[in-house]
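A quick write-up on the structure given underneath.
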Amino acid sequence: MPRYNPTEIEPKWQIFWDENKTFRAPEFPQGDKLYVLDMFPYPSGDGLHVGHPEGYTATDIVCRFERMRGKSVLHPMGFDAFGLPAEEFAIKTNTPPRESTEKNIATFRRQLKMLGFSYDWDREIATTDVDYFRWTQWIFLVLFDTWFDDAQQKGRPIRDLPIPVDVAQQGNRAVQQYQDEHRLAYQANALVNWCPNLGTVLANEEVIDGRSERGDHPVERIPLKQWMLRITAYGDRLENDLVNLDWSESIKTMQREWIGRSTGAEVDFFVGQQESLDSWEADRLQKGFSRKANDTVLRIYTTRPDTLFGATYMVIAPEHPLVDQLTTADQKHAVEEYRQLAAAKSDRERQEDREKTGVFTGSYAVNPINRTSIPIWISDYVLISYGTGAIMAVPGQDNRDWEFAEVFGLPIIRTVQPPKDFEGQAYTGDGPAMNSDFLDGLGVAEAKAKTIAWLADRGLGQSKVNYKLRDWLFSRQRFWGEPFPILHEVDEQGQPNGVIRAVPESDLPVELPFLEDYKPHGRPEPPLAKADDGWHYPMLDGQRYRRETNTMPQWAGSCWYYLRFIDPKNQTAFVDAEKEQSWMPVDLYVGGAEHAVLHLLYARFWHKVLFDRGYVTTREPFQRLVNQGMILGEMEYSGFKLPDGTWISASNVTKNVDRELVSKDHGQPVKSVALQETQVTKKDEGFVLVDHDHIRVESRAFKMSKSRGNVVNPDDIVRDYGADSLRLYEMFMGPLEATKPWSMSGVDGVKKFLDRVWRIIVDERAETLCLNPSVVDTEPTDVQKRMLHKTIQAVTNDVSKMEFNTAIARMMEFTNFFTKEAQRPKSILKQFVLLLSPYAPHICEELWQLLGHQDTLAYEPWPEFDEAFTREDSVEIPIQINGKLKAKIRVASDLSKDQLEKAAQADEKIGALLAGKEIVKTIVVPGRMVNFVIKP
RNA sequence: GCGAGAGUGGCGGAAUUGGCAGACGCGCUAGAUUUAGGAUCUAGUGGCCUUAGGUCGUGCAGGUUCGAUUCCUGUCUCUCGCACCA
């Protein structure tokens with residue numbers, strides 16, 4: 001079998017690596033450590049997607065490369081197996097989730113092994129392993145046991161939480177309640193995103209445009225008591241610590257925007273009885289700004305306290321607690337109607353409907369800065385979940401307020417002087433203050449500071465930081481997740497009395513109960529509530545409890561898996577402290593950009609809590625992050641036809657509101673027709689039909705999807721081309737971070753490259769596997785040596801920069817060169833096999849063996865290049881006249897400036913062109929080029 | 001609308017302290033070899049002009065420079081993210 005046959009050699013080496021535990025990582029690093037992590041996959045029922053091996057191959061190349069350079073490499077893999085996708089698949093296939101999950105994991109494991117990744121499989125974990133989620137529950141208890149000390153900006157044990165005297169006086173129960181309110185894991189009755197189709201609530205981050213990110217189902221807002229994690233407490237640190245991370249700016253920006261820190265002020269507007277205004281002001285002057293707003297004030301948040309003189313009305317959200325109190329009898333009907341309308345609107349409808357609507361409450365608030373009385377309105381453009389759910393409206397300096405004011409004819413006062421040529425409506429830029437009494441003339445920044453100081457002096461306001469980031473809704477009403485290690489104390493009747501406690505550490509894990517029926521039923525009671533009483537109502541210390549029946553969201557397990565990989569079998573701790581210290585942080589983390597906010601923010605948050613509590617030693621978990629780009633389906637050409645069968649140009653096709661294709665001019669329905677490459681041709685800037693060259697067609701690649709039928713299955717590629725070809729192709733397609741279309745003929749191309757590599761070493765015509773007769777034990781020629789050293793140099797540089805596509809191109813050049821060489825020195829080929837091995841490990845192990853080695857090449861030293869050998873003795877120099885290329889000369893590469901200029905002038909053609917002309921200037925860059933500037 | 005990134009042959013892409021545009025691969029053309037080949041090897045392959053040669057050419061329009069894919073200004077298109085966050 002002298003032909004290159006991946007189906008034979010690939011399994012052979014996979015078994016070899018497995019049996020010899022070639023890629024087992026040491027318990028502790030020896031010498032320099034490198035922790036390289038892939039985002040572990042959700043083992044869905046569809047198996048591996050070609051997108052997975054993209055990032056996985058990239059990290060595998062880095063790992064194999066660094067091992068050969070002597071680093072201790074930790075490169076683990078596992079499965080994120082809890083959560084909706086796994087559970088939905090279980091329901092669809094009517095199997096218990098654990099069973100279907102294990103089956104899916106087996107498929108994924110087989111597929112990953114088939115691709116020859118150098119994982120330490122002894123460290124494999126699944127988030128669904130009881131032995132794993134035991135520690136997920138343990139970390140939850142750490143969160144439960146922690147409060148955030150604002151002064152120290154640090155999470156601390158709950159026992160250290162200072163209890164205010166008035167609370168302490170009310171007894172134990174009150175103290176406990178006070179503590180519960182301050183824990184990082186707490187229960188809250190809040191408006192949540194309830195998705196009836198999925199049968200669970202969702203985090204804000206999981207809702208896109210009012211629909212579930214997974215499955216695209218409608219989401220409603222209903223009030224429910226839910227577990228929340230106080231991620232907002234860490235907002236500043238999550239933002240500030242981004243600075244020192246080697247992440248792309250775009251991901252950092254996305255996180256910053258998601259956190260959405262803004263600075264401004266909280267201001268209280270008096271809404272009590274007019275006659276008590278004086279006494280209220282006197283009280284505030286004496287006692288200062290109150291910790292909580294009572295019902296005599298409307299507390300607002302603004303980022304523009306400088307515009308306070310321009311506040312002409314107030315707006316509160318329809319869900320604001322003071323709505324009833326502020327609504328006068330006259331307005332009651334209208335307000336009630338508006339509230340119901342707003343409540344009935346889904347988030348999606350609210351977002352689509354941007355026309356400002358609202359209702360006057362009938363009452364007025366007093367502007368603290370000038371005692372003006374201004375009307376209070378209700379509108380859904382103010383969100384209850386941000387700030388205080390109430391705003392002061394300053395139409396002169398805010399576009400939204402301007403629009404509202406125009407609709408309802410409310411007054412507009414400019415308090416910032418717009419520039420002379422300003423033609424817009426609200427002016428939001430900088431400028432001198434006007435109509436603002438003691439602020440007049442000040443710039444925005446100064447005016448802000450002065451206003452805040454003025455308010456603070458009188459106890460009417462204070463500076464305040466707000467975040468778009470909301471606390472993390474952490475409970476789900478599904479079966480397939482980690483149970484909460486929480487117990488609710490119950491009374492004689494079995495009803496919870498509001499007292500909660502943690503399951504003792506020694507009683508962990510809390511396992512999932514067996515349930516006959518675990519399917520969601522469209523109501524918010526979790527399925528775990530159907531468990532038998534033995535699970536549901538445990539006794540502890542003589543007290544009867546009801547177990548928490550919510551489960552944790554899918555993100556929980558992935559928040560800390562990188563720590564467990566360091567010490568996956570530890571039975572006494574989530575990770576051994578010493579091991580954690582020697583392997584952390586993750587040096588390189590590669591995964592899809594779809595996790596830019598959710599997973600990466602959540603994991604960072606947990607990590608910081610563990611850091612504060614002394615369980616980990618690094619501030620951040622992932623030092624360097626690289627996002628692989630998406631792989632699209634093959635390029636497709638589409639033409640468009642009207643109902644009567646006539647073609648129309650792609651430029652004349654658009655989508656209507658229902659997302660259907662219609663013609664731009666008459667709105668007729670349009671059908672998209674898939675075209676063959678032979679039916680289209682290039683014309684001007686795009687493609688047209690061959691038969692009708694005035695009809696433009698669309699050419700683009702689409703995201704792979706089952707419905708489009710353009711999904712590429714890695715199993716098929718490995719069967720037809722081999723794993724090495726798949727790996728190589730995915731790296732050769734283009735830059736790792738770019739979005740790029742799949743091309744089957746491209747896979748064919750890299751397969752041919754491997755065929756050539758095989759043939760320069762193996763004798764294809766022999767009966768048995770033996771070296772090609774041209775492979776000889778001779779001293780390489782200078783040219784051959786230069787080829788090798790230049791290749792080593794280029795490949796080494798490229799892999800450090802993770803520019804794998806160009807590294808492969810260089811190795812192709814090497815192969816093309818040696819295909820033509822009649823004598824191929826063995827020493828050179830050995831070095832080349834080592835260079836290629838991180839990319840195509842199976843074929844290289846096979847060739848390495850054939851070249852006379854017994855053991856794996858995985859720990860062979862990485863080839864070194866000698867700068868001296870990479871230099872060419874002669875070089876081709878372009879000669880320009882007035883910047884236009886006129887001739888090329890070949891000269892010694894070390895020619896001096898003067899010599900090069902003389903050589904250029906000596907060239908026959910250049911001499912002729914320069915004859916009789918006046919040379920104004922000559923630019924000579926030794927080793928690069930010569931340019932003569934002459935008078936025309 | 002706001003923010004980020006990207007526009008280079010028929011296609012994927014290469015080239016940056018500014019210095020030969022199109023490396024490498026696909027596709028295509030021709031030749032060799034083969035019973036045959038969708039195998040292999042060799043050569044060619046940006047457009048236009050009639051060849052030698054010339055000329056244009058990195059989304060578009062300008063600018064800086066001896067020289068611009070690279071720097072600057074404006075503009076268009078696409079992709080991604082955010083989207084009433086006061």
Side-chain angles (χ1 to χ4, degrees), chain A residues 3 208-209 248-254 256-258 260-262 264 300-304 307 315 350-351 353-354 356 379-383 385-394 397-401 403-404 466-470 593-594 596-597 629-630 632 634-635 677 680-682 685 687 699-701 728-729 732-735 737-750 752-753 755-756 759 764 803 805-813 815-816 819-820 876-885 887-888 920-925 927-934:
Chain A
R3 286 185 64 154
I208 314 281
D209 287 340
S248 72
E249 270 318 305
S250 67
I251 297 284
K252 287 189 186 180
T253 305
M254 278 164 71
R256 280 197 194 102
E257 283 178 0
W258 194 268
R261 184 181 203 267
S262 75
I300 60 101
Y301 172 71
T302 178
T303 55
R304 294 292 303 273
T307 63
V315 186
R350 276 199 196 191
Q351 268 155 9
D353 209 6
R354 290 265 174 140
K356 294 283 181 290
S379 173
D380 64 3
Y381 84 91
V382 171
L383 309 174
S385 50
Y386 184 77
T388 58
I391 62 157
M392 64 173 196
V394 188
Q397 275 75 230
D398 185 286
N399 289 311
R400 298 153 300 187
D401 296 344
E403 285 170 28
F404 191 85
N466 248 318
Y467 303 92
K468 288 191 203 173
L469 181 71
R470 314 286 206 265
E594 66 272 19
V597 226
M630 202 192 319
L632 305 174
E634 294 236 13
M635 183 77 91
E677 226 179 310
V680 299
T681 182
K682 176 92 180 179
E685 290 304 297
F687 286 87
S699 76
R700 57 174 294 196
L728 213 48
Y729 172 64
F732 188 58
M733 290 172 89
E737 304 196 39
T739 304
K740 33 203 181 281
W742 185 268
S743 153
M744 222 35 115
S745 49
V747 186
D748 212 44
V750 294
K752 277 193 215 159
F753 162 62
D755 279 330
R756 279 174 156 226
R759 276 195 306 269
E764 250 197 333
E803 289 171 4
N805 52 335
T806 48
I808 294 168
R810 297 312 289 263
M811 290 189 281
M812 286 174 167
E813 286 183 76
T815 309
N816 291 344
T819 297
K820 295 191 185 88
E876 202 173 46
I877 300 287
I879 314 296
Q880 304 174 347
I881 292 180
N882 288 346
K884 303 234 185 231
L885 178 69
K888 290 179 185 180
V920 183
K921 195 173 175 185
T922 307
I923 293 105
V924 182
V925 184
R928 298 311 286 260
M929 49 76 70
V930 180
N931 186 14
F932 295 103
V933 184
I934 59 172

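The model shown is predicted, which means the values in this text are computed figures rather than measured ones. Just so it is clear: chains get the letters A, B, ... in the order the sequence lines come, proteins before strands, and each one is counted from 1.
With rounding to whole Å, W742(A) atom CH2 is found 19 Å from G25(B) atom P. For M254(A) and G81(B), the CE to P distance is 7 Å, given to the nearest whole Å.
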Contact pattern, 5' to 3', of nucleotides 4-20 of chain B - B, S or - by protein heavy atom under 4.0 Å: S-----SSBSS----BB

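With sequence neighbours excluded, the residues forming a side chain to side chain donor-acceptor pair (under 3.5 Å) with S743(A) are S745(A), listed by chain and number. Applying the side chain to side chain donor-acceptor pair (under 3.5 Å) criterion to Q880(A), with sequence neighbours excluded, gives no partner residue. Residues meeting the salt bridge (charged side-chain N to carboxylate O under 4.0 Å, His left out) test with D398(A), sequence neighbours left out: R400(A). Not a single salt bridge (charged side-chain N to carboxylate O under 4.0 Å, His left out) links R759(A) to another residue, sequence neighbours left out. For R261(A), the salt bridge (charged side-chain N to carboxylate O under 4.0 Å, His left out) partners at least two apart in sequence or on another chain are D236(A). With sequence neighbours excluded, the residues satisfying side chain to side chain contact (heavy atoms under 4.5 Å, CB included) with T819(A) are R756(A), I760(A), T815(A). In this view, M635(A) satisfies the side chain to side chain contact (heavy atoms under 4.5 Å, CB included) rule with no residue, not counting sequence neighbours. Applying the salt bridge (charged side-chain N to carboxylate O under 4.0 Å, His left out) rule to E803(A) yields the partners K801(A); only residues at least two apart in sequence or on another chain are considered.
In terms of modelled atom types and a separation under 3.5 Å, the side chain of K356(A) and the main chain of D401(A) share no donor-acceptor contact. No donor-acceptor pair under 3.5 Å is formed between the side chain of N466(A) and the backbone N or O of S262(A).
Here the separation of G13(B) from U51(B), taken at their P atoms, is 33 Å to the nearest Å. G7(B) and U58(B) have their C1' atoms separated by 9 Å, given to the nearest Å. Nucleotides G47(B) and C11(B) place their P atoms 12 Å apart, quoted to the nearest Å. Rounded to a whole angstrom, the distance from the C1' atom of G12(B) to that of C28(B) is 16 Å. Only the P atoms considered, U65(B) is 16 Å distant from U70(B), to the nearest whole Å. On the P atoms, A15(B) is 15 Å away from U8(B), given to the nearest whole Å. Nucleotides A61(B) and C66(B), compared at atom C1', are 24 Å apart to the nearest Å. Atom P of C60(B) sits at a distance of 15 Å from the matching atom of U77(B), rounded to the whole Å.
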Watson-Crick and G-U pairing of RNA chain B, under 3.5 Å, as dot-bracket with | and [ ]: (((((((..(((......[....)))((((((.......))))))((((...))))..(((((..]....))))))))))))....

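Here A86(B) is the nucleotide among G25(B), A23(B), A86(B) with the atom lying nearest to any side-chain atom of Y301(A). For S745(A), whose side chain is taken as the heavy atoms from C-beta onward, the closest listed nucleotide among C66(B), C26(B), A86(B) is C26(B).
For the atom pair I391(A) CD1 and T302(A) OG1, the distance stands at 8.5 Å (nearest 0.5 Å). To the nearest 0.5 Å, atoms CG (N931(A)) and CG (L885(A)) are separated by 10.0 Å.
Across all strands shown, S262(A) has heavy atoms under 4.0 Å from sugar-phosphate atoms exclusively, and none from any base. Note on G749(A): only backbone sugar-phosphate atoms sit closer than 4.0 angstrom, heavy atoms only; bases stay farther off.
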What pairs of nitrogen or oxygen atoms, one from the protein and one from nucleotides 39-43 of chain B, lie under 3.5 Å apart?
residue, atom, partner, partner atom, Å
U40(B), O3', R759(A), NH2, 3.1
C41(B), OP1, R756(A), NE, 3.4
C41(B), OP1, R759(A), NH2, 3.2

So which protein nitrogen or oxygen atoms get under 3.5 Å of nucleotides 30-33 of chain B's nitrogens or oxygens?
none

